[in-house]
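Following: one structure in structure tokens, then a few remarks.
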Amino acid sequence: GENVEQHPSTLSVQEGDSAVIKCTYSDSASNYFPWYKQELGKGPQLIIDIRSNVGEKKDQRIAVTLNKTAKHFSLHITETQPEDSAVYFCAVPNTNAGKSTFGDGTTLTVKP
Amino acid sequence: EPEVTQTPSHQVTQMGQEVILRCVPISNHLYFYWYRQILGQKVEFLVSFYNNEISEKSEIFDDQFSVERPDGSNFTLKIRSTKLEDSAMYFCASGFSEETQYFGPGTRLLVL
């Protein structure tokens with residue numbers, strides 16, 4: 001099955017700094033890569049995704065980069081704000097069945 | 001903006017009892033999923049459902065679990081005889097394709 005590794009497990013930054021979270025995956029057939037943000041007591045919310053036909057996608061302060069050869073993709077958050085504090089999960093869907101394998105999560109803390 | 005809803009938000013039950021967790025997916029979605037998240041751990045896939053049948057299920061989804069789409073709007077997860085280790089957050093998700101998944105707010109299940 002798919003093996004997804006996410007690093008780091010915790011990340012603490014000062015407000016205004018950038019944050020980068022990386023995920024590696026094992027199945028080279030994967031071609032869709034979402035990132036989810038989970039706030040305390042809530043469900044994961046899709047914040048950005050990328051398909052394998054592009055190398056980077058940006059949405060305001062967040063961006064995702066993909067390196068298919070190396071089988072990793074990263075979430076970049078610039079100009080971090082306290083409300084960015086949450087747990088972030090990468091996921092790799094199995095497109096044959098829709099099953100998603102999640103990374104272990106990264107707890108991001110943005111200090112004001 | 002349409003969203004996935006789940007009821008109840010919290011459920012406390014005695015070991016051995018049956019529970020039914022309910023979900024209303026986004027109306028034009030065709031793919032439905034259940035995931036669970038034990039406190040402090042990552043999100044784990046349970047089952048995917050498409051075209052009125054299970055597409056894939058994980059090892060967690062044993063004979064004690066079942067899913068049903070009883071009408072055009074609801075999607076339920078039944079646990080026949082709950083165990084202590086079933087205590088977790090249960091998330092329903094839906095999508096219009098096999099890739100993009102939108103999660104509900106979750107049901108917190110506590111088995112005593």
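Letters A, B, ... are given to chains in the order of the sequence lines, protein chains preceding strands, and every chain is numbered from 1.
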Requested in this report: For residues B/Q101 and A/S100, determine if any side-chain heavy atom of one lies less than 4.5 Å from a side-chain heavy atom of the other.
Outcome: yes

**Report entry** Sub-6.0 Å ring centroid separation between B/Y35 and A/F102
**Finding:** yes

Report task. Counting only heavy atoms closer than 4.5 Å, note whether B/Q6 contacts chain A via side chain, backbone, both or neither. Result -> neither

Report task. Take atom NZ of B/K57 as the centre, draw a 6.0 Å sphere, and report whether it contains more than 12 heavy atoms from other residues, nucleotides or ligands. Result -> no

Query raised in the report: Heavy-atom distance under 4.5 Å to chain B: side chain of A/P44, backbone, both or neither?
Result: both

**Report entry** NZ/B/K83: more than 12 non-hydrogen atoms of other groups inside 6.0 Å
**Finding:** yes

Requested in this report: Among the options A/D49, A/D104, A/V87, A/T101, pick out the one with the most heavy-atom pairs lying under 4.5 Å from chain B.
Outcome: A/D104

Requested in this report: Inspect the surroundings of NZ in A/K22 and state if more than 12 heavy atoms from other residues, nucleotides or ligands are less than 6.0 Å away.
Outcome: no

Report task. Using a 4.5 Å cut-off on heavy atoms from C-beta on, say whether the side chain of A/R51 contacts that of B/E99. Result -> yes

Requested in this report: Verify the cluster assignment for B/I20 and B/F65: are they in a single hydrophobic cluster under the rule of side-chain heavy atoms below 4.5 Å apart?
Outcome: no

Query - chain B contact via A/Q38 - side chain, backbone, both or neither, heavy atoms under 4.5 Å - result: side chain

Query raised in the report: Are there more than 12 heavy atoms of other residues, nucleotides or ligands under 6.0 Å from atom CD of A/Q60?
Result: no

Query raised in the report: Can you get from A/V4 to A/F89 by hopping between Ile, Leu, Val, Met, Phe, Trp and Tyr side chains that sit under 4.5 Å apart?
Result: no

Query raised in the report: Any chance CG of B/L112 has more than 12 other-residue heavy atoms, nucleotides or ligands included, within less than 6.0 Å?
Result: yes

**Report entry** Residue B/T100 versus chain A: region with a heavy atom under 4.5 Å
**Finding:** both

Report task. Enter the distance from B/E3:CD to A/Q45:CD here, rounded to the nearest 0.5 Å. Result -> 8.0 Å

